[in-house]
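To keep things clear, I will list the structure first and then write my remarks on it.
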Amino acid sequence: MPAGGLGPAGRRPRQPQDRPTRGRLHRRHDRSFRDRGTCPPLRHQCYDMTNFFDHLATDLRDRLARLAADDAIPALPDDLGNVVLEPTRDPAHGDVATNAALVLAKTLRMKPQDLGRRIADAMAGHPDVVEAAVAGPGFVNLRLSDGFWRARLAEILAAGPAYGESAKGAGVAVNVEYVSANPTGPLHVGHCRGAVFGDALAALLEKVGHAVTREYYINDAGGQVDTLARSAFLRYREALGEDIGDIPEGLYPGDYLIPVGQGLVEKYGDRFRHQDESVWLMPIREFAIAAMMAMVREDLEALNIRQDVFFSEYTLHTSGRIDEVLQELVDRDLIYEGVLEAPKGKQPDDWEPRPQTLFRASQFGDDTDRALKKSNGAWTYFAADIAYHFDKYKRGFNHQIDVWGADHGGYIKRMRAAVTAISGGKADLDVKICQLVKLTRGGEPVKMSKRSGSFVTLRDVVDEVGRDVVRFMMLTRKNDAPLDFDFDKVTEQSKDNPVFYVQYAHARARSVLRNAAAEIAGMDLSRTGLSAASLDRIESADELALVKQMAAFPRLLEQAADAHEPHRVAFALYDLAAAFHGLWNKGKEDPSLRFILADDPVLTHARLALLQAVCDVIASGLGVLGVTPVEEMR
RNA sequence: GUCCCCGUAGCUCAGCAGGAUAGAGCACAGGAUUCCUAAUCCUGGGGCCACUGGUUCGAAUCCAGUCGGGGACACCA
């Protein structure tokens, strides 16, 4: 959809984000993923080797069951759903804590403190637990042995940048549909955010074991592509030597259509020049859409995005698929002819009560029923979208995510309603909304682009600041929060700039490893060599804190994936970078904390292993975001 | 009028499935460099988590309502 007043005459220009992305919202209480039925009540039961919280949680549950079996505590309830084992916020409370005693106290009719003491005693039997204590209102705090943490460090080194991959998703198929911009012009910044978000989310879901399909819905039916065809026809006449003057209101003025006009001349000569629109509209439309989609793919390629499926809306109309799915809804009495009430408040001037073909969306949580046919008899966009989501369902996607622009928020309920209806409640749809990107340069708003005729294109941004910067920056805010993007700031080499900050941490660590290789002869700095280092020499509190932080990374990935929030990965990397920079600078005050110690090659080797692990975790996280870790800053 | 999102430090924002004393950056004040990149780090002041009620062992977090900001509201895509 065009931005900046290019919409069909008489309509309010749409937001820069026409109908871009689409996706799935999964509010915290939306339990679609959690209730897959594959996990027993206690959280994170389906565990993976790298998420040690799972191991401990399993162990906790076993020990609770044993306590009950030994009559040390009353019988447990079936559902331990609220019992969690999580990292402590304050290191003074140990490494991990469980609320088991607080949650179970009431049903077991015990005082939280008493229950907590039994749990603590039981957990003290775990070989890695060096301290188990009841604290506060009844938390059980556990401190884990240094050896336990060193084992996690070894795991990171063994996994490398693959660290954090898990089987939690169990190969369950998820369809992520994103970008889905109308094929009427180049992608703009709004699409850019949705593109990066969707792609990172897809990668995140893959990382935790889902079978992900990345998809793009081509809106190649309807009035906008006709407008595109007319705009291309104008450029066609121009390519034939006509002076077309200014582009009339209502047509797309962008320069990007000039080569399309030339291409049309190459293909068709002057055959259409004096023909009626009814003759040239379809062939030119087809040609122009193909050209636009080629351009869109190039733009996405610039961000390293390659989607698996490009699905044409037009084919839904021509293949009878819409009639097919709607017939199913008719059979279930979910479609009727009726008259909608006029919306209150802002009423359209041309409103007239009229019988329409309506879908009973209100039976599935929508605010009102929704129209499926336009006044001219054609299907509405929504009707086609139902068929599209039905198609996805039939292709085996019980879990669907759409990533959309902010202006499509009002469309979410009906689409979710439709997915529920067409799947008989078997499929879920989460729609993720991406808020606007505010582009600035030195604080001043940036709005125009020559190439597009109005909006700043995705290409403008990527070409100027680079793919990695764009990708990272787009994820430094939660998707539903507006994002400021300042051309000057994002390329600045300072702590202000999170991209730089994280990349610098990686580069710094790599730099030490390179220097070590040059300075210290005979040390094996290969991954296997570092894995064989004497990790028991990692013993300072700061170093172990860094290890603990990295060991929490797989869990963070799982949680970010469950919440469909890839931005959490970006924030985690920032935190890890901060911890690393902090450790680094301690070496300035206290030289014994430096990584390279000429007089202690064994300790040096161990610390270099730690350094390699930092690189691995950063690389792992950046990999999810689609950002390349750098070896050095330039 | 209805629906959705948002409201946390002066500013921009995190806050992990309800958890213990609410965090970071910027800005402000002070400090650290014979050193593996000071492109960094450390310390400090700063908070009615918009408001009111509710749920409970416990609420910034969940629920209801109020106020304030943004967005969307037949047939467009």
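Here is the naming used below: chain letters follow the sequence lines, and residue numbers restart at 1 for every chain.
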With respect to the phosphate group of [N], does any side-chain polar atom (N or O) of [X] fall under 4.0 Å of OP1 or OP2?
X        : N     : answer
A/His567 : B/G15 : yes
A/Trp584 : B/A38 : yes
A/Lys478 : B/C13 : no
A/Lys373 : B/A74 : no
A/Arg508 : B/A38 : yes
A/Tyr411 : B/A74 : no
A/Lys588 : B/C36 : no
A/Arg568 : B/C16 : no

Mind checking if [X] touches a base, just sugar-phosphate, or nothing, with heavy atoms under 4.0 Å?
X        : result
A/Asn515 : sugar-phosphate
A/Val103 : base
A/Glu589 : nothing
A/Phe500 : base
A/Ser494 : sugar-phosphate
A/His581 : sugar-phosphate
A/Arg354 : base

Next on the checklist: Any salt bridge linking A/Lys168 with A/Asp562? Criterion: basic side-chain nitrogen under 4.0 Å from a carboxylate oxygen.
Outcome noted: yes
Next on the checklist: Do the side chains of A/Arg568 and A/Glu565 get close enough for a salt bridge, i.e. N-O under 4.0 angstrom?
Outcome noted: yes
Next on the checklist: Could you check whether the side chain of A/Asp220 and the base of B/A77 have a donor-acceptor pair of N or O atoms closer than 3.5 Å, going by distance alone?
Outcome noted: no
Item to check | Base B/U40 paired with A/Asn585 side chain (donor-acceptor, <3.5 Å) | outcome: yes
Next on the checklist: Would A/Phe139 count as stacking on B/A20 if stacking means ring centres less than 5.5 angstrom apart and planes tilted under 30 degrees?
Outcome noted: yes
For [N], the Watson-Crick or wobble partner whose two distances fall under 3.5 Å:
N     : value
B/C62 : B/G54
B/C26 : B/G10
B/A74 : none

Checklist entry - Hey, do the aromatic rings of A/Phe197 and A/Tyr178 have their centres closer than 6.0 Å? => result no
Next on the checklist: Please verify the inter-ring angle class for A/Phe382 with A/Tyr411; under 30° counts as parallel, over 60° as perpendicular, anything in between as tilted.
Outcome noted: perpendicular
Checklist entry - Can you tell if the side chain of A/Leu583 reaches within under 4.5 Å of the side chain of A/Leu593, non-hydrogen atoms only? => result no
